[in-house]
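Okay, structure first, notes after.
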There are 2 protein chains.
Amino acid sequence: MNLRDFRYLLAVAEHRNFGRAAEACRISQPTLSVQVRRLEEQLGVALFERTSRTVAPTAACERLIGHVRAAVAEMDAILDIARALRDPLAGRLRLGIVPTLAPYLLPLVFAPLREALPALELEPWEDQTAALLDRLRAHELDAALLATEPDGPDLASRRLFAEPFFAALPPEHPLAGRAVVAEEDLAEDILVLADGHCLRDQALAACGRNGGLGGTLRAASLSTLLNMVAAGYGTTLIPALAAGPAQDAGIVLRPLATRAGRTIRIAWRTHFPRRAAVEAVGEVIATRLRGFAEGAAAGVI
Amino acid sequence: MNLRDFRYLLAVAEHRNFGRAAEACRISQPTLSVQVRRLEEQLGVALFERTSRTVAPTAACERLIGHVRAAVAEMDAILDIARALRDPLAGRLRLGIVPTLAPYLLPLVFAPLREALPALELEPWEDQTAALLDRLRAHELDAALLATEPDGPDLASRRLFAEPFFAALPPEHPLAGRAVVAEEDLAEDILVLADGHCLRDQALAACGRNGGLGGTLRAASLSTLLNMVAAGYGTTLIPALAAGPAQDAGIVLRPLATRAGRTIRIAWRTHFPRRAAVEAVGEVIATRLRGFAEGAAAGVI
DNA sequence: GGTGAGCATAGGTGCCGTCTATCGCCTTTA
DNA sequence: TAAAGGCGATAGACGGCACCTATGCTCACC
């Protein structure tokens, strides 16, 4: 049973004339006659009483026509909504971001994203990598900004930009006098984030250590970590985007000898249908951060 | 765009598995896959995110599914109502009846009609022949009980029963002594109904007169006419079904020499789709009145 | 690395929605 | 009273689509 037939029925009921109704429906009069007849057979009810001169809706037709109108209206609503949903660059996009990136990246890219993708309603969601991947796989996120490359065939990702690490030192720290810091030298009194932060593992790896920090304090956030370094509790590695706040806190930053860093990627489910939106978001971010790694490496004191 | 595809969509959204959804829809899995794909193309929106293992509704699907449910519900309502309307012997039937017949026939046939056609909601409408025919042609009535045969190709009718006329006389009237009355003898002091009543013309015709009654009083109803005869104002012809009330009023009835009478017919629009209901009503009435003419002619005093 | 679950694709078939041409009925008009 | 015209139904042809079975492809699991 086709919605089209309902439109035909409404047209005949309105015009009370098959020829004009057919014209309104942009079909031939015989087609309309046949289709209405078929509909009557399918419903098992005569809808119109025809003579060679007149067409009159039957009582059954009057009884049904309200529901027919409602069904057609729902159909039109569906088509309207679908039309509005058609643009993959419009609508909500739930974007996961790791906590060591979110507070520093979002201020940079929010305005460009709004400008480039005005119809996209970006919903940032801050959480650690593992949680983001879980939510991504559970369809609770549409994409995620990560510092690692997700594995498994169900997820895909695209590199956005490289973010170098800096040695973060209290001003009075012995290493603060050097122009470049060797990662191994930091290892002694390095402070790291709590378990689960990707930056924790990456910082330890850069220093040649694989965990096992004994009683060393683990910060819950990069912001906490910076405050602890500023207070002279130790040293750490911070990603380049956090350089500004770190310096504001009075921390001395020095480039690393190996130019170690992390790569920021945007990840999505392989089969996510609005891949175009993800790509567009990635493109805006990559463009905004183009040349950032080099500039950061060279520009810091 | 087919309602069937919406049912498919709902099935996939419910089962989250094409195979089981196809089973629920009683179609093959490939058919369901193709149809859902087609629907997505028609709407221009991805409805499901598929992997080789999982099926998940997209945000667009969630947005649309309420309206889809509503459309399907309307469709089901239409089918349900149509099913209920399918029986031509059920539902309202507006039946016109001429005033000289209605009060005497209805008490006889109401119970048999109720029993034979319990689902039929008979709506009697009492009016004169011309008005009934107008309303019938205007679709304001579905059928009519008349004492004449309607003409024109747009109306059809069926004979139901013959109703003899009787001479109605005041007890003291000279003709009351005869066993049989010749119509011409009534013509002198005959009382007739007002213009528009078919019985008026038929009574006059039976007496060999074509109207032109001068100042003779014209009654608005048969009941009034009977009271006037009972009061001795004159004579009249009454149809056999009115015999009971006439005798109750103290009127003397005598058969007519020519056995004149009228034929009661049921009429309907030629193209009226519930002809079965009209025929059924006619059949019940004809059955109830079978042999009535002979019985009436013989049974009256 | 084989097996099985599950969605997609391919190819064939019959129905159905559409068209144009024409019929049949009835009303209007010359 | 016959011709013309309006209107719905019917006939026949054709293309598309919904459906089927068979098979391919991907991925998880053992």
Side-chain angles (χ1 to χ4, degrees), chain A residues 1-9 11-43 46-58 61 137-139 150-156 269-273, chain B residues 1-9 11-43 46-58 61 137 150-156 269-273:
Chain A
M1 188 140 315
N2 201 309
L3 249 293
R4 196 188 325 115
D5 298 335
F6 286 176
R7 295 189 196 278
Y8 295 168
L9 188 165
V12 174
E14 182 186 352
H15 290 93
R16 304 197 171 213
N17 174 305
F18 276 71
R20 282 189 288 280
E23 198 174 348
C25 297
R26 283 114 176 283
I27 56 174
S28 70
Q29 170 265 313
T31 297
L32 184 61
S33 284
V34 169
Q35 288 309 107
V36 171
R37 176 72 68 198
R38 289 189 63 80
L39 181 61
E40 286 177 318
E41 283 166 9
Q42 284 169 358
L43 293 177
L47 296 170
F48 297 100
E49 188 175 330
R50 309 150 172 81
T51 71
S52 63
R53 306 294 297 166
T54 62
V55 174
T58 62
C61 183
R137 289 195 161 97
H139 295 249
D151 59 348
D154 58 334
L155 296 183
R269 291 186 302 282
T270 310
H271 297 275
F272 181 59
Chain B
M1 188 138 317
N2 201 310
L3 249 293
R4 195 187 325 115
D5 298 334
F6 285 176
R7 294 189 196 278
Y8 294 168
L9 188 164
V12 174
E14 183 185 351
H15 290 92
R16 306 200 168 208
N17 175 305
F18 276 71
R20 283 189 287 281
E23 199 174 347
C25 297
R26 285 116 174 280
I27 58 174
S28 70
Q29 170 264 312
T31 298
L32 184 61
S33 285
V34 170
Q35 289 309 107
V36 172
R37 176 72 68 197
R38 290 189 61 83
L39 182 60
E40 286 177 317
E41 284 165 8
Q42 285 169 359
L43 293 177
L47 296 170
F48 297 100
E49 187 175 330
R50 309 150 173 83
T51 71
S52 63
R53 307 292 297 165
T54 63
V55 174
T58 62
C61 182
R137 290 194 161 97
D151 59 350
D154 58 334
L155 295 183
R269 291 186 301 282
T270 311
H271 296 275
F272 182 58

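Just so it is clear: chains get the letters A, B, ... in the order the sequence lines come, proteins before strands, and each one is counted from 1. Below, all heavy atoms of this structure are taken into account, side chains as well, without hydrogens, waters or symmetry copies.
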Subject >> Pairwise 5' ranking along DNA chain C for B:D154 and A:R38, keeping only the more 5' one >> reply: A:R38

Original post:
How long is the line joining CG of A:L39 and C1' of C:dC16, in whole Å?
Top reply: 14 Å

Original post:
What is the distance, rounded to the nearest whole Å, between atom CD1 of A:I27 and atom C1' of C:dT20?
Top reply: 14 Å

**OP:** List the protein contact pattern of nucleotides 1-9 of chain C with one symbol per nucleotide (5' to 3'): B for base contact, S for sugar-phosphate-only contact, - for none; contact means a heavy-atom distance under 4.0 Å.
**Re:** ---BBSBBB

Original post:
Short question: side chain of B:H271, backbone of A:T51 - any donor-acceptor pair under 3.5 Å?
Top reply: no

Subject >> DNA chain D: 5'-most and 3'-most nucleotides touching chain B, 4.0 angstrom heavy-atom criterion >> reply: D:dC17 to D:dA28

Subject >> Evaluation steps, side chain to side chain contact (heavy atoms under 4.5 Å, CB included), between B:E49 and A:R269 >> reply: CA-CA 9 Å; B:E49 187 175 330; A:R269 291 186 302 282; 2.5 Å; yes

Original post:
Taking 4.0 angstrom as the limit, do A:R38 and A:E41 come out as a salt bridge?
Top reply: no

**OP:** Evaluate the side-chain proximity of A:L39 to A:Y8: yes if any heavy-atom separation is below 4.5 Å, no if none is.
**Re:** no

Subject >> Salt bridge flag under 4.0 Å for residues A:D154 and A:R137 >> reply: yes

**OP:** Could you tell me whether A:Y8 contacts a base, only the sugar-phosphate backbone, or nothing, with contacts defined as non-hydrogen atoms closer than 4.0 Å?
**Re:** sugar-phosphate

Original post:
Among side-chain atoms of A:Q35 and A:T31, is any donor-acceptor pair under 3.5 angstrom?
Top reply: no

**OP:** Hey, which sits more toward the 5' end of DNA chain D by its nearest nucleotide, A:H271 or B:Q35?
**Re:** B:Q35

**OP:** Determine yes or no for a side-chain-to-main-chain donor-acceptor pair under 3.5 angstrom, with B:R20 supplying the side chain and B:F18 the backbone.
**Re:** no

Original post:
Between C:dT18 and A:R26, is there an OP1 or OP2 to side-chain N/O distance shorter than 4.0 Å?
Top reply: no

Original post:
Around atom CD of B:E23, are there more than 12 heavy atoms of other residues, nucleotides or ligands at under 6.0 Å?
Top reply: no

Original post:
Taking for each residue the nucleotide of DNA chain C with the nearest heavy atom, is it A:N2 or B:P153 whose nucleotide lies nearer the 5' end?
Top reply: A:N2

